[in-house]
Amino acid sequence: MTMTKHQNPPANELTTLSLKGDRGARLCVIHSVPGSWIESTQTWLYNQVRFLPETVESHVVCPMTQNLDRFGVANLHAEADQHRLRRVVDSLSRQLRLRRHASLLERVARESGEPGGAKVLHSHFGPTGWENLRVARKLGVKHVVTFYGLDVNYLPQVGWQSRYQELFEQVDAVLCEGPHMARCIAGLGCSPEKVHVHHLGIDVDSIEFAPKAWREDEPLRILIAASFREKKGILYALEAIARLRRDVDCEVTIIGDASDSNSSRSEKQRILETIDRLELRSCLRMLGFQSYQRLMEEAKHHHVFCSPSVTASNGDTEGGAPVSLLDMKASGLMIVGTNHCDIPEIVRDDETGWLADERDIEGLENCFRRMIDQHQQWNKIARRGRDDIEARFNARVQGERLASIYSNLVEEKKALSDQAGNEDGGAEGRRDVETSSLLIHPMVEKSLVKPVSVRPIRRSLMHRLGERGGRLTRSFVWRRRLQSFGRGSVIARPAWVVGGEAIRIGAEVTIWRHARLEALNTARNVTRIDIGDGTVIQPYVHIGAIESVHIGRGVLMASQVYVTDHDHDFRNLQEPVIENSRVLAAPVSIGDYVWLGERVMVLKGVTIGAHAVIGAGSIVTRDIPVGTIAVGTPARVIRRYDERACEWRSAA
């Protein structure tokens, strides 16, 4: 059996995974990567494979490839390079849910790393790890999963909780880039013993260290590099810089732009409006998206790098910290940032940079002013920053540590196997894996409630084929009846739907049996009920709209929930309510990732903020803020989520 494999390493000899030496003595690791290998912004992923020592034989398995001139590695296997028939069969198998992983992954693992095949499967990103659970178990290899920002701050809100429990139960190790992310992963239900902080590394040797000097008679040159997303906090940096310009001459460069998403385009519009309102056009350059080489070239001509990340209104966060902070700190720039996620792990306030609280415009301004006041010390501060990067974030050092994690897991497996055959049980127990920081905060372990894993019901092949056919047929019908019906969505029978031409349902929405959706007072091209992507609505839910009911992404509604934007006009006591056609109406908005408990009622004119939780049996008659827990009749807030502490706290 042959496998498609790229073995054309780039010109830089450091990127070549050498195959010299005794092949049988090397540890074979399979890296499973989603999407393509790799996006131009994923240098951090490339470095994890590139800087593994020669004792590790790495193979990368991915759906497709791009940018190989910059990110080529040996032993690169792409599904897109397989025979067309094999690709079709593989795709069909996954659509029918006969398996979750690519067949190429299993073949590479079996045929690589003689003798005995691969010993470790390293899945990058949480969903990839979940998809690979069965193949890891089938092959009998150690399974390592690396979590990144999206895995921690977004996916748990869109229906991945149960899948994560299955993953955490079976995986051998979960890696993450900092202590904050480690606490969040433990909070999701992963055993703290499995969570390991493993910092992302950068190629420190390729970055020229050039400490900056600033004179009072020259402009302070500030660099911002980020995609235009709310969590990047660019608006707050602009406000702080506008205040600083009252008595300090500033020049600002922004590298980045909006993506194709509506939220990113909206953020760009807000950034442009803020620039005009603050009259910053004369001192600002916007360069759009640029290559890594251009970013590092621009860094040479600036004094300070600003990274003011925040928690977005929909709960999106950095998860860890922007990797660009590592590059800028290594180059000798001064750093101004925020106390957000794992940024304090990279930037120590008043030691290697300056940090303000999230959304604190005055605090950011003060950071800039404190930095200016200490401009005579910049060389010393930059030197401390560079030394810290070389000690904790050097890709070569991190590569050795990652190899150590692999080998310890494999040796642990061997030790456990030996122990099983030893009657007196004298073999060594579990060995701790060395990491670059503390694994988990002790208070998290004490307070962690360990979830129970629920295994999915196994159905026969014929049952699954019939279910799939019925789902496709029903989807076709709903697309004709409703204003919009997204891909992968399901409305179980029986269901009561009125005014379908004014009902819009996003992708991957699940609506269970006996749902009642009523859009009244319909008109052409008007949406009365709008349900966002990934929302789950359980049995006997009733949603009624005369004006507008908006339900965000990833909302979970328990059974018998009632949501309405209207009620009867009963102000005329002489007229029976049932006989008049008048109603009192006001729009209802339920934010992203809200959880409504059993028998909750949401009445007209209410706005529920993102990530709110409404307790069972509550009646919501007034607005509920973002990130809160509300209970009672009428519902009142009793808990608020502390993003920095990663825990719920009393509202009092």
Side-chain angles (χ1 to χ4, degrees), residues 14 42-53 56 122 124 144 146-149 152 173-186 192 195-211 292 296 299 305 307 309 318-355 378-408 432-442:
L14 293 176
Q42 291 182 330
T43 309
W44 43 269
L45 179 55
Y46 172 54
N47 285 342
Q48 289 184 66
V49 177
R50 173 188 177 190
F51 288 105
L52 282 166
V56 176
H122 188 162
H124 295 271
V144 177
T146 297
F147 269 52
Y148 302 99
V152 175
V174 177
L175 309 185
C176 60
E177 59 185 279
H180 175 272
M181 189 184 289
R183 291 192 293 271
C184 291
I185 293 171
V195 184
H196 304 283
V197 172
H198 179 72
H199 291 137
L200 298 178
I202 62 171
D203 185 4
V204 180
D205 295 339
S206 69
I207 299 176
E208 179 186 354
F209 178 59
Y292 175 77
M296 298 309 295
F305 181 74
S307 183
S309 300
E318 298 286 2
V323 179
S324 56
L325 276 175
L326 300 175
D327 295 314
M328 299 299 107
K329 187 177 172 184
S331 72
L333 260 68
M334 296 296 97
I335 305 293
V336 169
T338 51
N339 289 303
H340 173 80
C341 291
D342 279 313
I343 290 179
E345 174 73 2
I346 296 175
V347 182
R348 296 190 176 98
D349 191 26
D350 271 335
E351 292 184 26
T352 60
W354 294 266
L355 299 178
W378 281 9
N379 189 73
K380 190 179 298 184
I381 294 170
R383 183 70 262 175
R384 283 200 299 263
R386 175 76 177 205
D387 291 344
D388 185 47
I389 293 292
E390 291 178 348
R392 299 194 298 142
F393 301 97
N394 188 326
R396 284 180 173 78
V397 175
Q398 293 306 100
E400 294 286 349
R401 287 173 174 165
L402 184 55
S404 176
I405 291 174
Y406 295 152
S407 61
N408 284 342
D432 290 333
V433 176
E434 282 189 21
T435 60
S436 56
S437 184
L438 294 176
L439 299 186
I440 212 73
H441 195 283

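Remember, it's a predicted structure, so these values are computed and weren't measured experimentally.
Atom CE of Met334 and atom CE of Met328 lie 13.0 Å apart (nearest 0.5 Å). Atom CD of Gln398 and atom CD of Gln48 lie 9.5 Å apart (nearest 0.5 Å). Between the CD1 atom in Ile202 and the OG1 atom in Thr43 there is a gap of 10.5 Å [rounded to 0.5 Å]. Atom-to-atom distance recorded for Trp44:CH2 and Leu326:CG is 12.5 Å, nearest 0.5 angstrom. Here the straight-line distance linking atom CG of Leu355 with atom NE2 of His340 works out to 12.0 Å at 0.5 Å rounding.
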Would you sort out whether Ser331 and Phe305 count as a side chain to side chain contact (heavy atoms under 4.5 Å, CB included), showing the intermediate values?
CA-CA 11 Å; Ser331 72; Phe305 181 74; over 6 Å; no

What's the verdict on side chain to side chain contact (heavy atoms under 4.5 Å, CB included) for Phe393 and Ile346, showing C-alpha distance, side-chain angles and the deciding distance?
-> CA-CA 9 Å; Phe393 301 97; Ile346 296 175; 4.0 Å; yes

Are Glu400 and Arg396 close enough, and set up right, to give a salt bridge (charged side-chain N to carboxylate O under 4.0 Å, His left out), and what steps lead you there?
-> CA-CA 6 Å; Glu400 294 286 349; Arg396 284 180 173 78; over 6 Å; no

- Check the pair Arg383, Asp387 against salt bridge (charged side-chain N to carboxylate O under 4.0 Å, His left out), reporting the backbone distance first and the verdict last. CA-CA 6 Å; Arg383 183 70 262 175; Asp387 291 344; 3.0 Å; yes

Under the criterion side chain to side chain contact (heavy atoms under 4.5 Å, CB included), I'd like the reasoning laid out for Val204 against Arg386: C-alpha separation, chi angles, the key distance, then a yes or no. CA-CA 9 Å; Val204 180; Arg386 175 76 177 205; 3.5 Å; yes

Worked verdict on Asp388 versus Glu351 for side chain to side chain contact (heavy atoms under 4.5 Å, CB included)
CA-CA 11 Å; Asp388 185 47; Glu351 292 184 26; over 6 Å; no

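Within the 4.5 Å cutoff, side-chain heavy atoms of Glu345 are placed close to those of Arg392. Looking at heavy atoms from C-beta onward, Ile381 lies out of side-chain contact with Pro211 at the 4.5 angstrom threshold. Between Arg401 and His198 there is a side-chain heavy-atom pair separated by less than 4.5 Å. Residues Asp203 and Phe51 form a side-chain contact, since some pair of their non-hydrogen atoms from C-beta on lies under 4.5 Å apart. Inter-residue side-chain proximity for Cys341 and Ser309 is flagged as unmet; no heavy-atom pair is nearer than 4.5 Å. You'll find the side chain of Ile335 stays beyond 4.5 Å of the side chain of Trp354, heavy atoms only.
The aromatic rings of Tyr406 and His122 stand perpendicular to each other, their planes meeting at an angle above 60°, with 30° marking the opposite boundary.
Scanning both residues, Leu333 and Ala299, for their nearest heavy atoms gives CD1-O, 3.1 Å. Between Cys184 and Val152, the shortest heavy-atom distance links the atoms CB-CG1, 3.5 Å. Counting all heavy atoms, side chain and backbone alike, Asn47 lies closest to Ala395 at CB-CB, 4.4 Å. When all heavy atoms of Pro344 and Asn339 are compared, the pair lying nearest together is CG-OD1, 3.8 Å. Ile343 and Ser307 make their closest contact through CD1-O, 4.1 Å (heavy atoms, listed as atom of the first residue, atom of the second, distance).
No option in Glu318, Glu177, His124, Gln42 other than His124 meets the side chain to side chain donor-acceptor pair (under 3.5 Å) test with Tyr148. For the side chain to side chain contact (heavy atoms under 4.5 Å, CB included) with Cys176, the qualifying choice from Leu200, Asp342, Ile185 is Ile185, the only one to do so.
Formation of a donor-acceptor pair under 3.5 Å by the Lys329 side chain with backbone atoms of Ile389 is not found in this model. A donor-acceptor pair is defined here as one N or O able to donate and one able to accept, closer than 3.5 Å; no such pair exists between the side chain of Thr146 and the backbone of Leu175.
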